[in-house]
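These notes concern the structure reproduced below.
Heavy-atom basis, side chains included; hydrogens, waters and symmetry copies ignored. Bear in mind that the values here come from a model prediction, so they are computed numbers and not experimental data. Lettering of chains follows the sequences in order, A, B, ..., and the numbering in each one begins at 1.
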Amino acid sequence: MTKRLKVAEILRTEPLNTTVQVKGWVKAFRNNQFLALNDGSTSTNLQVVVDFENTDSAIIDRIKFGAAIRAQGTLIESQGKGQKVELKATEIEIYGDCNPEEFPLQPKKQTLEFLREHAHLRFRTNTFAAVFRLRHKLAFAIHKFFEDRGFVYLHTPVITASDAEGAGEMFRVTTLPMDNPPRTESGEVDFSQDFFKRSTNLTVSGQLEAELGAMALGEVYTFGPTFRAENSNTTRHLAEFWMIEPEVAFNDLQDNMDLAENMLRYVIQFALEHCADDLKILEDRLIEEEKSKPQDQRSDMSLTEKLRFVVENEFVRLTYTEAIDILKNSTPNKKGKFQYPVEGWGTDLQSEHERYLVEKHFKKPVILTNYPAEIKAFYMRQDEPKEGVPGPTVSAMDILFPGIGEIVGGSQREERYDKLVRRMHEMHIPEEELSWYLDTRRFGTCPHAGFGLGFERLVLFVTGMTNIRDVIAFPRYPGSAEF
RNA sequence: GUCUCAUUAGCUCAGUUGGUUAGAGCAACGGACUGUUAAUCCGUAGGUCCAAGGUUCAAGUCCUUGAUGGGACGCCA
């Protein structure tokens, strides 16, 4: 019995003149003879040469695009150009037929929009196979990065009772009957009769729980699904996405920036080292896609050049106040080219402003820090007043990437109990609901910092895909929860 | 949620100022060829022109409403 080998292993070890067995799916069948076989282990296909004169024609007829087959024979040096080795098949077995008249995919270019509507089949295309192998490697690289640095992977709950985090609209979790829920005397839904005896939601962030872990384990991170019920319809938002949230005791804002920047550079470097084949597929796809764009809208770097550039160059770090100055004096602002003119200090930056800073002014990733307290979350550490800064700021940081915008959002946390509680009152956040969170500040509080990284946004950047719905297997967004 | 563009064959798209029988490339199918690599050559089949209403002698084409999809913006990761 010949052991089955994966295509990736065959191409790596090239066991010439031995009998090998492969199993996979037909990607092409030319000339009744040349079968391109892919088993998912690599983007490269194995050429299987079928002896059509000595193979049952009933079998030959069933070798169709998409069919699952087994092939066995001798691995030889390729007699043709285009590949080093090929399998001279003596046995072909069909596991699963694939009727070309019914199969939605075709051996030709298909648009991402079409494939999105057939998301259950799109793994079978070169592009999506490459995207999902890369997604896996990036997830692995993130775990390795933190493991190598002594972090503890903390699993924070998916169902939470807190609705005070303020990160966005939440999906409610309940087992109460929707048509006739129990009501209190005042007529409100009586959640004390619900499964958890209180109102619960899907988590919008594991940060607050991660902070609890960091207060004893020192360095923790979360990596799990996160849910936002915002009605966001963009190429960079999902209702269900995966987020990585490190939280580190005794780190300040500078440490936090270093950690985020090192992590991003590490995982991108990891992809460059371990996913060259898949990156090549995606790079070629991008070049092909950009051919239809006018010259001035094409990127001046290829995908891998862009990734190398990020790995080799330090991110630019500047404060919100400095960014406002640059934007105020920028050519587009003076010429009235911004849809939202930069008027003064204190308002949030629009995405056109972020894009200008990253893509035009600095032309590299940018870390913006020390935002106005007004526009940021309650738990961010309040800065000391500083000359030249018009209002109170917090030790926040956002990392902006070209083409993606905000990929990381984080801060040094407010560890001072009094200041934190005062801020919660100002922002009308009920203290009693977060008493467990405030306990961290009451018992052995310490400076600490953390951030959230949107995993799909990272995958977007590394794969060069442009719609976030194409880097998660089964995307959830307003009006869509298919599959 | 707002704005905007689109919807014609399995896919990607043409379709003129409203006018006879709606076209192409690719894919599929049949055949030829048999060392191909986006194979090639010959042939065949394939249409509720998104839906409903309206204008008109006449609507794929114009108008209204809706559905679906793309993009931009806002919210953010």
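In this structure, the ring of A:Phe315 has its center less than 6.0 angstrom from the ring center of A:Phe401. For an aromatic pair to be called close, the ring centres must be under 6.0 Å apart, and A:Phe146 with A:Tyr153 fails this.
Ring pair A:Phe65/A:Phe103 is tilted by interplanar angle, where 30° to 60° counts as tilted. Taking the six-membered ring where the residue is Trp, A:Phe114 and A:His118 present tilted rings, their angle falling between 30° and 60°.
Base pairing annotation: B:U20 forms no Watson-Crick or G-U wobble pair, as no partner gives both donor-acceptor distances under 3.5 Å. Both distances falling under 3.5 Å, in either a Watson-Crick or a G-U wobble arrangement, occur for no nucleotide opposite B:G35. In this structure B:C73 sits in a base pair with B:G1, meeting the Watson-Crick or G-U test at under 3.5 Å. For B:U7, the paired base is B:A67 (Watson-Crick or G-U wobble, both distances below 3.5 Å). Shown here, B:G60 forms no base pair; nothing in the strands shown gives a Watson-Crick or G-U wobble contact with both key distances under 3.5 Å. Base pairing of B:G43: its partner is B:C29, meeting the Watson-Crick or G-U wobble criterion (both donor-acceptor distances under 3.5 Å).
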With B for base contact, S for sugar-phosphate-only contact and - for none (protein heavy atoms under 4.0 Å), nucleotides 2-10 of chain B reads --------B

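To the nearest whole angstrom, the two C1' atoms, one in B:C49 and one in B:C62, are 16 Å apart. B:G18 and B:U61: their C1' atoms are spaced 6 Å apart (whole Å). With both ends at atom C1', the span from B:U8 to B:C50 equals 10 Å, rounded to whole Å.
Ion pair A:Arg116/A:Asp470 flagged as a salt bridge, since at least one NZ, NE, NH1 or NH2 atom sits closer than 4.0 Å to an Asp/Glu carboxylate oxygen. In this structure, A:Asp278 does not pair ionically with A:Arg135, as no charged nitrogen and carboxylate oxygen lie closer than 4.0 Å.
Proximity of A:Thr111 to the phosphate of B:U12: a side-chain N or O atom is located under 4.0 Å from OP1 or OP2. Within the 4.0 Å cut-off from OP1 or OP2 of B:G1, at least one side-chain nitrogen or oxygen of A:Asn231 is found. Distances shown here put a side-chain N or O of A:Thr235 below 4.0 Å from the OP1 or OP2 atom of B:A72. Remark: A:Arg30 is not in phosphate contact with B:U36, judged by side-chain N or O atoms under 4.0 Å from OP1 or OP2. Under 4.0 angstrom from either OP1 or OP2 of B:G70 there lies at least one side-chain N or O belonging to A:Arg116. In this model, the phosphate group of B:A27 is not approached by any side-chain N or O of A:Lys109 to a distance below 4.0 Å at OP1 or OP2. For A:Ser351, a side-chain nitrogen or oxygen approaches OP1 or OP2 of B:C73 to under 4.0 Å.
Seen from the ring of A:Phe461, A:Arg457 does not count as a face-on cation partner, given the 6.0 Å and 45° thresholds. For A:Lys144 and A:Tyr266, the positive end is not near the middle of the six-membered ring at less than 6.0 Å and at most 45° from its axis.
Closest-nucleotide positions on RNA chain B for A:Ile76 and A:Ile468 were compared, and the one nearer the 5' end corresponds to A:Ile76. Sequence order on RNA chain B of the closest nucleotides to A:Arg355 and A:Glu86 puts A:Glu86 first from the 5' end.
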